[in-house]
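Letters go in sequence order (proteins before strands), and every chain restarts at 1.
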There are 2 protein chains.
Amino acid sequence: MTIHHQPSKERIDAVRAFNRFYTRQIGLLDEGWLKSAFSLTEARVLYELAHRDGLTATDLARDLGLDPGYLSRLLKKFEERGLVERTATEADARRSSITMTPAGRTAFAPLNQGSHDQVAALLDRLPALDQDRLVKAMLTVQRLLDETAEPEVPYMLRPLQVGDIGWITHRQGLLYALEYGWDETYEALVAEILGAFVKSFDPKWERSWIAEREGEVVGSVFVVRKSDAVAKLRLLYVEPSARGLGIGKRLVDECVSFARARGYKTLTLWTNDILVSARRIYEASGFKLADEERHHAFGKDLVGQNWNLEL
Amino acid sequence: MTIHHQPSKERIDAVRAFNRFYTRQIGLLDEGWLKSAFSLTEARVLYELAHRDGLTATDLARDLGLDPGYLSRLLKKFEERGLVERTATEADARRSSITMTPAGRTAFAPLNQGSHDQVAALLDRLPALDQDRLVKAMLTVQRLLDETAEPEVPYMLRPLQVGDIGWITHRQGLLYALEYGWDETYEALVAEILGAFVKSFDPKWERSWIAEREGEVVGSVFVVRKSDAVAKLRLLYVEPSARGLGIGKRLVDECVSFARARGYKTLTLWTNDILVSARRIYEASGFKLADEERHHAFGKDLVGQNWNLEL
DNA sequence: ACCATTTAGTTGACATAGTCAAGTATTTAG
DNA sequence: CTAAATACTTGACTATGTCAACTAAATGGT
């Protein structure tokens, strides 16, 4: 379930301001090309050709947003200068696959190095922490705007790292506030649970799984020991942006396998009835509803539920 | 203390990838102008003129990175079309201040609206949470790259909101791991302290201050009640990127004033001797070192210190 | 007060970059 | 087998941008 409403004026203005800013930024970076024999567009074409072999003119025109006629002439010029070669594909004689010649690579190398150095100089002005923030922020912008760019690996699971419990607390706090109107006491509960989890962590009997997608945390779950026989699944969550990839199910499956492997007899969990999508996952994994009770928490009237799975 | 080293290859490549991506992105947004009577550059000039009055040609050329000759002709054309007016400044007869005429505003309005709508449509594809993430990430990129752009208000203080305690836990966990090599148990301690703070919060005797800079949390501090006479200052922190603005001192001052106003007799705090810059702030605010003791925590051998301020 | 230098803006001559529509050869779909 | 679509190519054109030389006014040093 995602919340969806009209983008606000402030948000739109902020994005427009960024576009203006980055238009200028790219203009500044362009000036580097001026010294070289190539224009920005030529450099973009050469970059693509240097990194992806066997492209066709159509591919290039689509990916770089160029006019086919213009591109055709660019490529002709490159071919005459011996920078690229065009060979008709056997499957389709209209198309030709374009490859960079060794001479092309030689011509491109200083260009590439120049761009590399320019960016390196830009980054070098910033302290390392800020460099990381910059790169992370750029990745975020790119991922959010580029709908086509699905990562090759949809997600991966890893154990807890420094920074995770705060991040998870932050995201869960915000998410449930936005989606269900819960107040800050929910976030506080998450903080306490996770603080205690790390503090009294028993690696033999307890475990955490963090789902990561392109370096970003998109879900998590924890198993804690209640007694020799009973383990508890806690704080299952999946980012709205990563829903529908089966991450929730996978996280619960990991918990079940772990609990079974460690010889627990029961895996239990507490949730609230309004968390419908989580509930579906629990049911699918074989959990049975043990009991329900009304309670007031997180600024709302809720129905808490205990679910059990006999292992 | 900032950590500074050579930007890594990965970081450079990520930034270059973003530049290529955003070059394309801006190209896509340009296509909107094609339908209108103005080119991207013309639109940029009009935008500046619509939003900032009394600019000179030199200002525009500098801010937008344009060739003075080219700009001169653009402005001439605009003037002929009655979109702008140029009047020589009295202070300097070489310069003329350029203002948009009502006709200019009328011509610019649909252009502006078109760009607005285009961005609105872009944002509208994303759920509200992602819109916020996008805007935040763009602001981060902009602030980090634009060295000139200092915010008008360096920072502001506000009370706790949903999402803060997780975020603060996250940042403190990461920061002390990076700067001092502390392990995840420090982050867990922060989580527990903040969870308990919210859970047992007593607004009359306790308080939090979050320092925010352009919508980003850059520091925080908490005062909790120990007894009728004793308050404790906890978890003072300032982001490396916001150090040197006097935020740390300001936060401590707020705590002292608050503790004094509530009639506490003593304000106490616990810290570790390696946190040198915090120590300086405490000393400057009149805190006296009460006692020290070696201890092992957060994966390190440390020297804990209790500091007191008699109010 | 005077002159060399700098600054703000303009203009001419030119080159580059990009657009658009009409064309050919080839493939695909019915 | 034919009409339609695709992958380019080419011609004709315009828009966009660059560069250097120029004028007029302001500034700085003596």
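A:Glu85 contributes no side-chain N or O that, together with a main-chain N or O of A:Thr99, makes up a donor-acceptor pair within less than 3.5 Å.
Rounded to a whole Å, the CD1 atom of A:Ile98 is 8 Å from the P atom of D:dT9. Atom P of nucleotide D:dT9 and atom CD of A:Glu79 are separated by 8 Å, given to the nearest angstrom. If you measure from atom CZ of B:Arg95 to atom C1' of D:dT23, you get 17 Å, rounded to the nearest angstrom. Here the P atom of nucleotide C:dG18 and the CD atom of A:Glu42 are 9 Å apart, to the nearest Å. When the P atom of D:dC8 is taken as reference, atom CZ of A:Arg62 falls 11 Å away, rounded to whole Å. Atom-to-atom, NZ of A:Lys77 to C1' of C:dG18 comes out at 12 Å; the value is rounded to the nearest Å. Put simply, CG on B:Leu75 is 7 Å from P on C:dT10, counting in whole angstrom units.
B:Asp132 is linked by a side-chain hydrogen bond (donor to acceptor under 3.5 Å, both in side chains) to A:Arg11, counting only residues two or more places apart in sequence or in another chain. Not counting sequence neighbours, the partners of B:Arg86 by the side-chain hydrogen bond (donor to acceptor under 3.5 Å, both in side chains) test are B:Glu79.
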Pair A:Arg143-A:Asp146, salt bridge (Lys or Arg N to Asp or Glu O under 4.0 Å): steps then yes or no: CA-CA 5 Å; A:Arg143 192 156 358 132; A:Asp146 191 356; over 6 Å; no
Between A:Asp63 and A:Arg52, does the salt bridge (Lys or Arg N to Asp or Glu O under 4.0 Å) criterion hold? Intermediate values first, please. CA-CA 12 Å; A:Asp63 292 355; A:Arg52 298 161 59 196; 3.0 Å; yes
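Residue A:Leu66 is the one, among A:Asp92 and A:Leu66, whose nearest nucleotide of DNA chain C lies closer to the 5' end (criterion: closest heavy atom). Comparing A:Ala91 and A:Leu71, the nucleotide of DNA chain C nearest to each residue sits closer to the 5' end for A:Leu71.
At a cut-off of 3.5 angstrom, counting only N and O atoms as typed in the model, there is no donor on one side facing an acceptor on the other between the side-chain of A:Arg94 and the base of C:dT27.
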Please produce a list of atom pairs where a protein N or O lies less than 3.5 Å from an N or O of nucleotides 11-16 of chain C.
{"unit_1": "C:dT11", "atom_1": "OP2", "unit_2": "B:Lys76", "atom_2": "NZ", "d": "3.4"}
{"unit_1": "C:dG12", "atom_1": "N7", "unit_2": "B:Arg73", "atom_2": "NH1", "d": "3.0"}
{"unit_1": "C:dG12", "atom_1": "O6", "unit_2": "B:Arg73", "atom_2": "NH2", "d": "2.6"}
{"unit_1": "C:dA13", "atom_1": "N6", "unit_2": "B:Arg73", "atom_2": "NH2", "d": "3.4"}

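With contacts defined as side-chain heavy-atom distances shorter than 4.5 Å, the pair A:Leu134/B:Val141 qualifies. Between A:Arg16 and B:Ser115, the closest side-chain pair of non-hydrogen atoms falls below 4.5 Å.
For the OP1/OP2 pair of C:dA8 and a distance below 4.0 Å, the side-chain nitrogens and oxygens of B:Ser96 include no atom meeting the criterion.
Within residues 82-90 of chain B, the residues having any heavy atom closer than 4.0 Å to DNA chain C are, in order of number, B:Arg86.
Listed by first and then second residue, the salt bridge (charged side-chain N to carboxylate O under 4.0 Å, His left out) pairs involving residues 104-117 of chain B are B:Asp53-B:Arg105 (not counting sequence neighbours). Here ring pair (Phe, Tyr, Trp, His ring centres under 6.0 Å) pairs that include residues 41-80 of chain B, with residues two or more places apart or in two chains, are B:Tyr47-B:His51.
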